[in-house]
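Below is one structure; the comments refer to it alone.
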2 protein chains.
Amino acid sequence: MFDSGSRETSASNAPGYADVTCSAENTGITLARVRFTELVGLLGFTLPVDASLAQVVFPVRRIKAGETLCHAGDPFNAVYVVRSGFFKTVATETNGAELVLGFPMPGEVIGLDGVDSGRYLAEVIALDICNVAVIPFAQLTQLAHQYPCVEKLLYSLFSRELVHKNAMAWVLGTLSAEARLASFLLDLSHRYGRLGYSRTSFALRATREEIGSYLGLKLETVSRTLSAFAAAGLIDVNRRQITLRDPARLRRIVDPNVEDDDATPHKRKSAPVTARRPRTPAQPALAMAA
Amino acid sequence: MFDSGSRETSASNAPGYADVTCSAENTGITLARVRFTELVGLLGFTLPVDASLAQVVFPVRRIKAGETLCHAGDPFNAVYVVRSGFFKTVATETNGAELVLGFPMPGEVIGLDGVDSGRYLAEVIALDICNVAVIPFAQLTQLAHQYPCVEKLLYSLFSRELVHKNAMAWVLGTLSAEARLASFLLDLSHRYGRLGYSRTSFALRATREEIGSYLGLKLETVSRTLSAFAAAGLIDVNRRQITLRDPARLRRIVDPNVEDDDATPHKRKSAPVTARRPRTPAQPALAMAA
DNA sequence: CGACGTCTTGACGTGCCTCAATCTGGGTGG
DNA sequence: CCACCCAGATTGAGGCACGTCAAGACGTCG
């Protein structure tokens, strides 16, 4: 039934990706390697085939859930491309408060923000068994020198990250709690789908608190809003397992003006899902555990 | 008195910067040029002196207040370095809502987010008489190829932008309205100071609404908060003219744990400046240190 | 089985938004 | 020169969305 293809994201499940060498699986330092061309595909780029470029490989690191890929303040010398698993990047402020900056998934790059200062400026913590390609930045720029297509790719990666951060500013600066959550769920859906997993059924790997931190909300608000979505029939929630029931309406919560099927495409404000007392005060929205 | 060195930001006022050629001032297309090495200094980098690199110049564009440097959707082919003036970058969403993404000032780069999609994705509008260097991106990458130091600079620019956007996420996601405004004022102060202007007295070039959009607040909240700061003796406000009276306390509003002079460096929450009736209804807000 | 982390839900307070009136300064035209 | 206008700014009153505090339910692990 493929009800949740996202639960297992180990590389062996992903279609067509395999380590070049797989010896000594159990040593602390893995000897596995990935082809650069493979990573390019994961990143969503297509490069002209090149025999010499196809020979380039990078080492792979495996990280268990809870372990950190790199610490804030560590000297920067490599970027990482996630091959499988699920991370969170956490910036710790001077006052000790933590802020979740993102949830890197397979096909996404980690560490580009360390180039300028020469240090990583966020903890990167695995929320799952993870598998990343380690790409020494000096080697990457070297490749960019030799191959114009790689150079272009590298600039695109930076730029893409910037675009994403701008979108994040939009979410944090203008959207309500409901819209932020809806946007977050749709983003996850899209990213899982892009990887070949189900777009409608997936697991949140993060706690409510981590999600809240990422979205500028408190964990209670995240929990309440998810419950409200479920009560409205938009999604199913079971702990961290999410199933999207009405993605179109979720999208309309983010932006009331998206045109998808019926109704006028004009200015119509989707009423908040968390309407207090939907109509008859007698009807409890949700029966608590019987 | 030097009460507002920031009011005039034309290039002729900035120390040591002059166009290489200044013919035909009044033609629509300016013939002025800037040396690349000059821009590098403006950007805050130091490069090893190189005779050939010192010959590289870029054209200059002058833009009057209210005009736009580039439109969202325009094909991307150049980045801009602000030499003088003050811009706002505005992303217009599908629903027509506008979001101010930033306020580029001299020494800052515009357009890096267009590399990936090949199109600018925000309007860049001058809030002042502006002067920018036009740097064709292809030419810039070409330079990066020839000069490793330029290559490093380019990566740093991208990375620096990313770091700044992360900081913005922090502001939008975790700070109160007061803290956001304080952070904004301190940021402006720092950026003006970096340019050789007064850190304590400067003019906001943006309206309350634009500032609010940038900070995820409504214009009324911006106005109220500025008034509250003024009432508390933190700043002076006269329309768009701002004078910082107590930067240290502003900093403490952003992060209560900064250590600057007195008091315990422990967990102390700076009471909101907008205290409703601080104690005795007769006494206005500046209760803390006399 | 108890301890713990996570999640849920309720009650309440408040910070910011909303709506609205007024004020100011700068620009325009007679 | 003044009347007029209008965008921008200020200020108030009231409401709601989200934060805060608190209690309990659930799943997991030792």
Side-chain angles (χ1 to χ4, degrees), chain A residues 65-66 88 97 100 127 171-182 203-213 215-231 235-242 253 269-277 281 284-290, chain B residues 65-66 88 97 100 127 171-182 203-213 215-231 235-242 253 269-278 281 284-285:
Chain A
K88 66 168 178 178
V100 173
L127 299 180
V171 168
L172 291 172
T174 74
L175 298 187
S176 68
E178 281 187 5
R180 289 184 211 186
L181 243 312
L204 305 172
R205 236 69 63 128
T207 67
R208 305 287 191 260
E209 186 168 19
E210 287 159 347
I211 296 169
S213 172
L215 295 174
L217 301 170
K218 292 297 161 184
L219 76 162
E220 294 96 327
T221 304
V222 174
S223 179
R224 259 185 262 272
T225 307
L226 287 179
S227 298
F229 284 173
I235 63 176
D236 286 347
V237 186
N238 188 310
R239 273 186 75 75
R240 299 192 190 172
Q241 189 61 33
I242 300 284
I253 289 178
K269 248 183 151 168
S270 69
V273 172
T274 39
R276 325 226 171 211
R277 303 300 138 227
L286 187 63
M288 288 200 287
Chain B
K88 65 168 176 177
V100 174
L127 298 179
V171 168
L172 291 172
T174 74
L175 298 187
S176 69
E178 280 187 5
R180 290 185 210 186
L181 242 313
L204 304 173
R205 237 68 65 127
T207 68
R208 304 286 191 261
E209 186 168 20
E210 288 159 346
I211 296 169
S213 172
L215 295 175
L217 302 170
K218 293 296 163 185
L219 75 162
E220 295 96 327
T221 304
V222 174
S223 180
R224 259 186 262 273
T225 307
L226 287 178
S227 299
F229 284 173
I235 63 175
D236 287 346
V237 186
N238 188 311
R239 274 187 78 74
R240 300 194 188 171
Q241 190 60 33
I242 299 285
I253 289 177
K269 250 182 147 170
S270 70
V273 173
T274 40
R276 326 221 169 214
R277 302 299 139 226

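To find a chain, count down the sequence lines: A is the first, B the second, and so on, and within it residues start at 1. These numbers come from the heavy atoms of this one structure, side chains and all, not from hydrogens, waters or symmetry mates.
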Checklist entry - Under 4.0 angstrom, heavy atoms only, what part of the nucleic acid is B:L219 near: base, sugar-phosphate, or nothing? => result nothing
Checklist entry - Between the side chain of A:R180 and the main-chain N/O of A:L175, is any donor-acceptor distance below 3.5 Å? => result yes
Item to check | Nucleotide D:dG8, atom C1' - distance to CZ of B:R205 in whole Å | outcome: 17 Å
Checklist entry - Is the phosphate of C:dC17, meaning OP1 or OP2, less than 4.0 Å from a side-chain N or O of B:T221? => result yes
Item to check | Expected output: side-chain B:E210 to main-chain B:T207 donor-acceptor under 3.5 Å | outcome: yes
Item to check | Straight-line distance of A:R208 CZ to A:R224 CZ, nearest 0.5 Å | outcome: 13.0 Å
Next on the checklist: Regarding A:G216, tell me which of base, sugar-phosphate or nothing describes its non-hydrogen contacts under 4.0 Å with the strands shown.
Outcome noted: sugar-phosphate
Checklist entry - Could you state the CD-P distance from A:Q241 to C:dC7, rounded to the nearest angstrom? => result 13 Å
Next on the checklist: Pick the closest DNA chain D nucleotide for A:V222 and for A:R239 by heavy atoms, then say which residue is nearer the 5' end.
Outcome noted: A:V222
Checklist entry - When the distance from CG of B:L226 to C1' of D:dA9 is rounded to whole Å, what number comes out? => result 10 Å
Item to check | Any donor-acceptor N/O pair under 3.5 Å between D:dC21 base and A:E220 side chain | outcome: yes
Item to check | Spacing of CG belonging to A:L181 relative to CD1 belonging to A:I211, to within rounding of 0.5 Å | outcome: 7.5 Å
Next on the checklist: Between P on D:dA25 and CG on A:N238, what's the gap in Å once rounded to a whole number?
Outcome noted: 18 Å
Checklist outcome for this item: dist B:T225:OG1 -> B:I253:CD1 (nearest 0.5 Å) comes out at 10.0 Å
Next on the checklist: Rounded to whole Å, how long is the line connecting atom CG of A:L175 with atom P of C:dC17?
Outcome noted: 14 Å
Checklist entry - Base, sugar-phosphate, or nothing: which does A:R180 touch, judged by heavy atoms less than 4.0 Å apart? => result nothing
Checklist entry - Does A:R208 put a side-chain nitrogen or oxygen below 4.0 Å from OP1 or OP2 of C:dG5? => result no
Next on the checklist: Looking at C:dG5, I'd like to know if its phosphate oxygens (OP1 or OP2) sit under 4.0 Å from a side-chain N or O belonging to A:T207.
Outcome noted: no
Next on the checklist: The side chain of A:A177 is closest to which nucleotide in this list: C:dT8, D:dC18, D:dT10?
Outcome noted: D:dC18
Checklist entry - Could you state the CG-C1' distance from A:L215 to D:dG19, rounded to the nearest angstrom? => result 16 Å
Checklist entry - Which whole-number value in Å describes the distance from B:E210 CD to D:dA7 P? => result 14 Å
Next on the checklist: Output the rounded distance in Å from CD1 (B:I211) to P (D:dG8).
Outcome noted: 12 Å
Checklist entry - Within the modelled atom types, does a donor on one side and an acceptor on the other bring the side chain of B:R224 and the base of D:dG12 under 3.5 Å apart? => result yes
Next on the checklist: Classify B:S223 by what it touches in the nucleic acid, base, sugar-phosphate, or nothing, heavy-atom distance under 4.0 Å.
Outcome noted: base
